[in-house]
Amino acid sequence: MSYHRKLRRRLAAALEWSAVDKGMVIMGLLIPLYLQYLLWGWYVLAREDRDKLVDVSFLVGIMQMQGVMVVLGGLIVGAGLLLRKRHPDLPLFQYVTSLFFAASLSLTCYGIGTMSFPVGVALLGTPIFGFILIDRYAVWLATLTGLVLLGLLSYASSVGLIPYAPIVVPPGDQASQLFWTNSMVFFAAPFILVITLMADEMLSWWREREARIRQLSRTDALTGLHNRRSILDALDQELGRAARHGRPLSVVILDLDHFKRINDTWGHPAGDQVLRESARVLRENVRETDQVGRYGGEEFMIILPDADAAQAHAVLERCRLKLAGAEIITEAQQRLQVSASFGLVCDMAGGQLAHVLIHVADEALYKAKENGRNRIEVGELPEAATA
Ligand code: GH3
Ligand code: MG
Ligand code: MG
């Protein structure tokens, strides 16, 4: 398995993690974020032109607050480590961590302006991330809290109660403009990267899983053929196509002969193997465009598009002979043989209803059984239906 697929599997597994572990993921993302901001702060403080770029006293104040957030975050992580063992499914932990995430980030973001690019990215992106991973009510609560806080801060600065973006010294020259553009990208980048990657991986994984589930829901587990639902869907589709193009369509129901005897004599697992082998023989002896399904216990349906009765009969005769001639060796090294009886019906111009065709094929199958089994009988469509 490629490294990428492994990573996707691991990320997908995170969906099944306990509530506390999911909360820990949030803290695992938040704390490095604060360290990133602190690093930025130290870098700016170390610059000679810092007074042209930032309001140093506000920056130091915000950095102190971020330091406090890291310590608080550490305490929450400590609590998580304790809870993980004893109450791994405590939903409260997700609420606490996501609220802490939203509230502390909103306050921190105030420094660079509540209407800035990183705030927009975080406000839109984090709930997406949250909805994928954690309890949706926790995400709603955190998002609304963040919105209210940002709204209050914006309002307070718009009426002059507090300054807007107090860290930022309005860019005077090109160099400080560039500095602030780069800084905003630097603040937004982790959100963009993590959220885009996470969304891509999760959605790809869901698409893969959906395709797998759809495949499973249409496949018979024992034989790998279409299951009953799927072969009946295929019949409806092929009937529609035959009617549109005025082409013939043949339908066959076949039933293994004396199958109960095989089960009774050799056991159910041997019976299962006979079913698997029969399915393989049928699949290998029809055309690529024909469809084979397991219609019932030991009954199969074959749909042969574009085949009139004579052509279908030829295909089925080959299937019948191959099946009767096959020697099936069971796991216990018993050699078994099986035959089948076939009921065929052909709709010459594709205007029939599925249930009519099935009924006629069933009757032909019954006749094949009556006439000695291991044979093909062709059913006649009722007069009204052929008209
Ligand atoms: P006939 O020639 O008239 O069709 O006789 P038969 O014995 O084949 O017919 P019957 O309908 O009496 O028996 C069908 C048997 O198929 C009964 C059931 O136990 C068996 N069967 C159905 N599904 C499965 C399966 O998935 N595995 C196995 N091993 N047996 C199955
Ligand atoms: Mg049978
Ligand atoms: Mg049967």
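Computed from heavy atoms alone, side chains included, the values below leave out hydrogens, waters and symmetry copies. Indexing begins at 1, ligand by ligand and atom by atom, following the structure's order.
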What atoms in ligand 1 come closer than 4.0 Å to a heavy atom of [X]?
X: R373; answer: 1 (P), 2 (O), 3 (O)
X: D257; answer: 2 (O)
X: G271; answer: 29 (N)
X: D272; answer: 25 (C), 26 (O), 27 (N), 28 (C), 29 (N)

Shortest non-hydrogen contact from I195 to G125?
-> CD1-C, 3.3 Å
[atom]: the protein heavy-atom neighbour that sits closest, reported with distance to 0.1 Å:
atom: atom 18 (C) of ligand 1; value: N263 ND2, 4.1 Å
atom: atom 12 (O) of ligand 1; value: K260 CD, 3.8 Å
atom: atom 1 (P) of ligand 1; value: K369 NZ, 3.3 Å
atom: atom 22 (C) of ligand 1; value: G297 CA, 3.6 Å
atom: atom 5 (O) of ligand 1; value: H258 N, 3.5 Å

Those residues that, when tested against E298, pass salt bridge (charged side-chain N to carboxylate O under 4.0 Å, His left out) (two or more places apart) |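 If we apply the salt bridge (charged side-chain N to carboxylate O under 4.0 Å, His left out) test to E298, skipping adjacent residues, there are no hits.
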Is there a donor-acceptor contact under 3.5 Å from the side chain of [X] to the main chain of [Y]?
X: Q94; Y: P91; value: no
X: D200; Y: L197; value: no
X: R294; Y: G297; value: yes
X: Y37; Y: I62; value: no

Taking the side chain as C-beta and beyond, is there a heavy-atom pair between [X] and [Y] under 4.5 Å?
X: D308; Y: M348; answer: yes
X: D233; Y: R218; answer: yes
X: T114; Y: L149; answer: no
X: V251; Y: M301; answer: yes

Which one of Q273, R294, H268, R261 has a non-hydrogen atom at the shortest distance from atom 26 (O) of ligand 1?
->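 Looking at heavy atoms only, the winner is R294.
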Determine the sole option in F186, F117, W40 for which the ring-ring contact (aromatic ring centres under 6.0 Å, His included) test with W180 is passed.
-> W40
Check: F259 N/O within less than 3.5 Å of ligand 1 N/O |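 In this structure, F259 places an N or O atom under 3.5 Å from an N or O of ligand 1.
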May I ask you to decide whether D173 forms a salt bridge with K52, counting only side-chain N to carboxylate O separations under 4.0 Å?
->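 Here D173 pairs with K52 in a salt bridge, since their nearest N and O are under 4.0 Å apart.
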Which part of L256 is near ligand 1, with near meaning a heavy atom under 4.0 Å away: side chain, backbone, both or neither?
-> backbone
Heavy atom of protein closer than 4.0 angstrom to atom 10 (P) of ligand 1 | no
Have a look around the Mg ion (ligand 2) and list protein N/O/S atoms under 2.8 Å, or say none.
->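 Near the Mg ion (ligand 2), the protein supplies D255 OD1, L256 O, E298 OE1.
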